[in-house]
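Note that the numbering runs from 1 along the sequence shown for the chain.
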Amino acid sequence: MARRVKVSLSNIIIEVVCLLIGLFFVLSSWWTYSEYKSVQDYSGRVMGHITKKHFQTAADGGGNYYLDYWFMSSAGSKISASSMIAKQQWDMLQVDDTLEIRFDPSNPHRNIPMAGGSPSLIWSLFMLAMGLVFMVFGVSRFLTSFKKQKS
């Protein structure tokens, strides 16, 4: 007589949560990589001028650091923009400083300061690895519990 092991609800929840976390990381990795690739295609480079620095507080007590800046596009129009940057760059840069801006010549409103804020290929690969680890863990737990149930 085959002995059946009950699969506990907590194990199923852990497996599903691991799979969902893994899926989140994999999708985030894909989004970050596509942003990285699009920024690499920004062939326009120009000097921008910082007009304002500000900090936006988040609900968890943390926050994001922003720079407001302007630059002249290759068509001669003045483009004003705001971009989130890392705290280290935010601390170093001051209002009225100049910084290099990378932009898409076909749409200068798609731009990013070279001082930071651009998506990183390494970050994308890290998120992919984390996603795969969570997904493999969730699938292996599921397969292990399924094998126990069959025997």
With sequence neighbours excluded, residues passing side chain to side chain contact (heavy atoms under 4.5 Å, CB included) with [X]:
| X | value |
| --- | --- |
| Ser77 | Ser73, Ile79 |
| Met130 | Phe25, Phe126, Phe134 |
| Val133 | none |

Side chains of [X] and [Y] in contact at under 4.5 Å (non-hydrogen atoms):
| X | Y | result |
| --- | --- | --- |
| Leu93 | Leu67 | yes |
| Cys18 | Phe137 | yes |
| Asp96 | Ile50 | no |

Shortest non-hydrogen separation from [X] to [Y] and the atoms involved:
| X | Y | value |
| --- | --- | --- |
| Ile101 | Pro113 | CD1-CA, 3.9 Å |
| Ser124 | Thr32 | CB-CG2, 4.0 Å |
| Arg141 | Glu15 | O-OE2, 3.3 Å |
| Val46 | Phe103 | CG1-CE2, 3.8 Å |
| Gln94 | Lys53 | NE2-NZ, 3.9 Å |

Rounded to the nearest 0.5 Å, how far does [atom2] of [Y] lie from [atom1] of [X]?
| X | Y | atom1 | atom2 | answer |
| --- | --- | --- | --- | --- |
| Asp97 | Tyr69 | CG | OH | 15.0 Å |
| Met135 | Ile21 | CE | CD1 | 11.5 Å |
| Met127 | Ile122 | CE | CD1 | 14.5 Å |
| Gln56 | Tyr66 | CD | OH | 4.5 Å |

| request: Look at the side chain of Asn111 and the backbone N and O of Pro108, then say whether any donor-acceptor pair between them is shorter than 3.5 Å. | output: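 Present.
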| Side chain of Ser83, backbone of Ile112: donor and acceptor closer than 3.5 Å? |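 The answer is no, because no donor-acceptor pair under 3.5 Å joins these two groups.
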| query | Quick one: side chain to side chain donor-acceptor pair (under 3.5 Å) partners of Thr57, sequence neighbours excluded? | reply |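 Thr57 satisfies side chain to side chain donor-acceptor pair (under 3.5 Å) with no residue once adjacent residues are dropped.
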| request: State which residues pass side chain to side chain donor-acceptor pair (under 3.5 Å) with Ser82; sequence neighbours excluded, sorted by chain then number. | output: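 Scan of Ser82 (side chain to side chain donor-acceptor pair (under 3.5 Å), adjacent residues dropped) gives Asp68.
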Transitive ILVMFWY cluster of [X], excluding itself - 4.5 Å side-chain cut-off:
| X | answer |
| --- | --- |
| Val136 | none |
| Leu27 | Leu23 |
| Trp70 | Met72 |

| task | Among residues two or more places apart or on two chains, list those pairs meeting salt bridge (charged side-chain N to carboxylate O under 4.0 Å, His left out) that have a residue in residues 75-94. | result |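 Listed once each, the pairs are Lys87-Asp91.
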| message | Per the salt bridge (charged side-chain N to carboxylate O under 4.0 Å, His left out) rule, what does the pair list look like for residues 131-140, sequence neighbours excluded? | response |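 Every pair satisfying salt bridge (charged side-chain N to carboxylate O under 4.0 Å, His left out) with a residue in residues 131-140: there are none.
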| Under a single-linkage definition using a 4.5 Å side-chain heavy-atom cutoff for Ile, Leu, Val, Met, Phe, Trp and Tyr, are Ile14 and Phe142 assigned to the same hydrophobic cluster? |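 No; tracing contacts between hydrophobic side chains, which count when under 4.5 Å, never links both residues.
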| query | Same cluster for Val95 and Phe55 if Ile/Leu/Val/Met/Phe/Trp/Tyr side chains link at under 4.5 Å? | reply |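 In one cluster: no.
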| field | Partners meeting salt bridge (charged side-chain N to carboxylate O under 4.0 Å, His left out) with Arg110 (sequence neighbours left out) | value |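 Once residues adjacent in sequence are excluded, Arg110 has no partner under the salt bridge (charged side-chain N to carboxylate O under 4.0 Å, His left out) criterion.
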| Which pairs, with at least one residue in residues 79-100 and sequence neighbours excluded, count as a ring-ring contact (aromatic ring centres under 6.0 Å, His included)? |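 The answer is Tyr65-Trp90.
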